Amino acid sequence: MIIQKPKGTYDLLPEKAFSRVYAESKIREIFDLFNYREIRTPTFEYTSLFKRSIGENTDIVSKEMFTFNNSEYSLKPEMTAPVIRAYLENGLYNQSPLIKLYYISNMYRYERPQAGRFREFSQFGAEAIGSSEPFIDAEMIVLAAFILSEFQIRNYKIKLNNIGTPDERKKYLEKLFNYLNKFKNDLSEDSKKRLQKNPLRILDSKMPEDRKIIENAPRLYDYLEQSTIKNFEQVQSLLSGLGISYEIDYFLVRGLDYYTSTTFEIVSDELGAQDAIFGGGRYDLLTKQLGGKPTPAIGFACGFERFFSLMEKYEYCIPEENKCILYIVTSGNKASVFALNLIYELRKSGFKCEMDYLNRSIKSQMKEANKINAAYTAVIGNNELDSGKILMKKMSDGNQTEININNINNFLINENKTGKTG
Ligand code: HAM
């Protein structure tokens, strides 16, 4: 029996892998345009990093981590904590008071797999560390919207909220708990469990029985200080000025504990139950929590699989893969040895070419050249080796040009220059 891939993982076969790499390179260009620089961190970190940042009572840390070596290490379930760890450990704050970083990396969460939800998935994301100015909040959201528009993804919704500071939340949490507790028997099973440990998360529930109760729950917004509200209004007015449409969702709470102040999500109706494409927000207290100086920061991450399925839905056009410019058809061992050396030289000059490695007949080699859409084919056998001449056959029109066998490189350079290969 063939061993299958683990649940919640997927293979990227060559065609999809090519499209993904293309999308990644375009996303890198956009991050560069906004002056964000790439950071890469290890695949696993000390488990304590995620406990201290994401929070012990969150679903991610309490149920979804791939933890090993007596719980010492965990595969990273997200990148914000590793980025801040790296920022502090490498003293990046010495380089500039504002550090703008991006990443494209695989993440691991032991979740129940379903459409759009994987146990190994990929995120691209950005973190701007050092500024508490609403301008950077606006830039972060504009950046996400810019990426979506560059990939022609439409009909998404930007949901915006401000969840204040832990102090502002304290009084609210008491009110929220008292309110929800009145309905504790009517809450969903999951929400019943969350009531004691993390009542804020109940606001995020999609269960219809919970939604009915949440509709009339007290709003955190009504417990925010004037300064927080003013900041939130500034972010909104900057976004409106930039022509970005958003919706305020007073019950948008994120599933990670480090958030403060501005939070946002971008959702799409085209994705089914797992409708969040981007999630992000401020985490002004995280650097301090992880042992550094208090440093305001904001970021987002986007699930690549969900993003990619929207790219496909909106029929984003990925350019075609480069085709081979030359397929060498060989006849006999001597010709194969010659061809092996020849295509090695041609590849050194940057020409994508191919030959036969299966000892196939000339006819099936020709078929293969057609199948891979090679621009030219050339047959090499004893005659060609003796005479030093070969026929370069242009596959698009069947025209043949006789050239000196040592002249293939120049011939291809010339053909490429004049664009005659198509
Ligand atoms: P998050 O909301 O946990 O936030 O994840 C961000 C995005 O990653 C989600 O909106 C979704 O598109 C994708 N995602 C999450 N889990 C899965 C999964 N199991 N399968 C497929 N896609 C998934 C964070 O990770 C924060 N670190 C974002 C952030 C950066 N906040 C500030 N800076």
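Note that the structure is a prediction, hence the values are computed from the model and not measured. In listed order, ligands and their atoms are each counted from 1.
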Would you mind running through ligand 1 and noting each atom that sits below 4.0 Å from a heavy atom of [X]?
X      : result
Gly280 : 31 (N)
Arg117 : 18 (C), 19 (N), 20 (N)
Phe300 : 29 (C), 30 (C), 32 (C), 33 (N)
Tyr259 : 26 (C), 28 (C), 29 (C), 31 (N), 32 (C)
Gly279 : 10 (O), 28 (C), 29 (C)
Leu256 : 3 (O), 4 (O)

Please tell me whether Thr263 and Asn161 have a donor and an acceptor in their side chains that are separated by less than 3.5 angstrom.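 Judged by distance alone, the side chains do not pair up.
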
Examine the side chains of Thr330 and Asp356 and answer whether a donor and an acceptor come within less than 3.5 Å of each other.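 No, no side-chain donor-acceptor contact under 3.5 Å.
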
In terms of ring plane angle, is the pair Phe304 and Phe307 parallel, tilted or perpendicular, where the classes change at 30° and 60°?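 If you compare the ring of Phe304 with that of Phe307, the planes turn out perpendicular.
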
Indicate the ring-plane relationship of Phe278 and Phe300, choosing parallel, tilted or perpendicular according to the 30° and 60° boundaries.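 Phe278 and Phe300: perpendicular rings.
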
Identify all side-chain donor-acceptor contacts of residues 48-55 below 3.5 Å with residues at least two apart in sequence or on another chain.
| unit_1 | atom_1 | unit_2 | atom_2 | d |
| --- | --- | --- | --- | --- |
| Arg52 | NH1 | Gln289 | O | 2.9 |
| Ser53 | OG | Leu49 | O | 2.7 |

Using a plain distance cutoff, I'd like to know if [X] has any nitrogen or oxygen under 3.5 Å from a nitrogen or oxygen of ligand 1.
X      : answer
Tyr258 : yes
Ile298 : no
Arg109 : yes
Cys302 : no
Ile60  : no
Tyr103 : no
Ala301 : no

Regarding Lys26 and the six-membered ring of Phe151, is the cationic atom NZ or CZ under 6.0 Å from the ring centre and inside 45° of its axis?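 Cation-pi check for Lys26 and Phe151: passes.
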
Grab the two heavy atoms, one from Gly116 and one from Arg306, that are nearest each other, plus how far apart they are.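 Taking Gly116 first and Arg306 second, the nearest heavy atoms are O-NE, 2.8 Å.
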
If the threshold is 4.0 Å, N to carboxylate O, is there a salt bridge linking [X] and [Y]?
X      : Y      : value
Glu345 : Lys348 : yes
Glu127 : Lys100 : no
Lys63  : Glu111 : no

Could you check if a side-chain atom of Tyr376 sits within less than 4.5 angstrom of a side-chain atom of Tyr327, using non-hydrogen atoms only?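 Result no, sub-4.5 Å side-chain heavy-atom pair not found.
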
For ligand 1, is any non-hydrogen atom under 4.0 Å from Gln274's backbone (N, CA, C, O), its side chain (CB onward), both, or neither?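 Neither; nothing of Gln274 gets under 4.0 Å from ligand 1.
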
Please assess Lys16 against Glu312 for the test salt bridge (charged side-chain N to carboxylate O under 4.0 Å, His left out), listing each intermediate value before the final yes or no. CA-CA 11 Å; Lys16 279 263 161 76; Glu312 289 183 331; 3.5 Å; yes

Quick one: look up the protein heavy atom nearest [atom] and list residue, atom name and how far away it is.
atom                    : result
atom 27 (N) of ligand 1 : Glu78 OE1, 2.6 Å
atom 4 (O) of ligand 1  : Arg254 NH2, 2.9 Å
atom 21 (C) of ligand 1 : Gly116 O, 3.2 Å
atom 6 (C) of ligand 1  : Gln123 NE2, 3.3 Å
atom 13 (C) of ligand 1 : Gly303 CA, 3.5 Å
atom 14 (N) of ligand 1 : Phe121 CE1, 3.5 Å
atom 20 (N) of ligand 1 : Phe118 N, 2.9 Å
atom 33 (N) of ligand 1 : Glu127 OE1, 2.8 Å

Consider side chain to side chain donor-acceptor pair (under 3.5 Å). Of Asn57, Asp204, Asp210, Asp59, which one does Arg194 pass it with?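 For Arg194, the side chain to side chain donor-acceptor pair (under 3.5 Å) test succeeds with only one of Asn57, Asp204, Asp210, Asp59, which is Asp59.
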
